[in-house]
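As the structure is a prediction and not an experimental result, all values here were calculated from the model.
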Amino acid sequence: MPSLSKKETALGMKYITAEGAATSAKDSVLVSYLTPLALALGATNQQIGFLNSFPSLFGNLIQPAAGKYIETRGGKKSTTLITHALASMILLIIALIPLGAVENKIFMLIFFATIYYTILNFGATAWLSWIADVIPEKT
């Protein structure tokens, strides 16, 4: 990647900070309310265990594949944007689960939370590589 000017680097750092704050707020809300949502839907102890383990497990397992994808296909920025857009759509589905007429809402919650974190971690691999290009080695 070509070297960025000081102005481009400063603007990139500003955007990275804003994006980090927004993501932190979103993740705080999601992490804080995912288990209570499952409990409100009548989840068992075992289902709560699945809800708290499957998303992390599959999210971490996808990262080597994401690294290989970025390495061979490139497109750090486009991969980041696409995966974050997809993850946002999945988050909307999660928010609508309690309102749906689906019979097994707990299963749907576990499934979509797992998909959400898997997509998000795929994109995080691209994002980390992308910001490594933006942040200067020495400040």
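A continuous path of Ile, Leu, Val, Met, Phe, Trp and Tyr side chains, each step under 4.5 Å between heavy atoms, connects I115 with L91, placing both in one hydrophobic cluster. Cluster annotation: L39 and M108 are assigned to distinct hydrophobic clusters (Ile/Leu/Val/Met/Phe/Trp/Tyr, side-chain heavy-atom contacts under 4.5 Å, transitive). Follow the hydrophobic side-chain contacts under 4.5 Å out from I97 and you reach I106 in the same cluster. Hydrophobic clustering (side-chain heavy atoms under 4.5 Å, transitive across Ile, Leu, Val, Met, Phe, Trp, Tyr) keeps I70 apart from L120. Cluster membership for L51 and F107, using ILVMFWY side-chain heavy atoms within less than 4.5 angstrom, is shared.
The side-chain hydrogen bond (donor to acceptor under 3.5 Å, both in side chains) analysis of residues 58-69, with sequence neighbours excluded, yields no pairs. Applying the side-chain hydrogen bond (donor to acceptor under 3.5 Å, both in side chains) test to every pair with at least one member in residues 112-126, sequence neighbours left out, gives these pairs: K26-Y116.
Under the rule for a side chain to side chain donor-acceptor pair (under 3.5 Å), the partners of S129 that lie at least two apart in sequence or sit in another chain are K76. Remark: T44 pairs with Q47 by the side chain to side chain donor-acceptor pair (under 3.5 Å) rule, at least two apart or across chains. Residues that satisfy the salt bridge (charged side-chain N to carboxylate O under 4.0 Å, His left out) test with K105, not counting sequence neighbours, are absent from this structure.
Test L37, I93, N104 against L109 for side chain to side chain contact (heavy atoms under 4.5 Å, CB included) and you get one pass: L37.
Scanning all heavy atoms of the two residues, the minimum distance from A38 to I48 falls at CB-CD1, 3.6 Å.
The aromatic rings of F50 and F54 lie parallel to each other, their planes meeting at an angle below 30°, with 60° marking the opposite boundary.
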Name the atoms and distances for all side-chain donor-acceptor pairs under 3.5 Å in residues 82-90, with sequence neighbours left out.
residue	atom	partner	partner atom	Å
T83	OG1	T79	O	2.8
T83	OG1	T80	O	3.1
H84	ND1	T80	O	2.9
S88	OG	H84	O	2.9

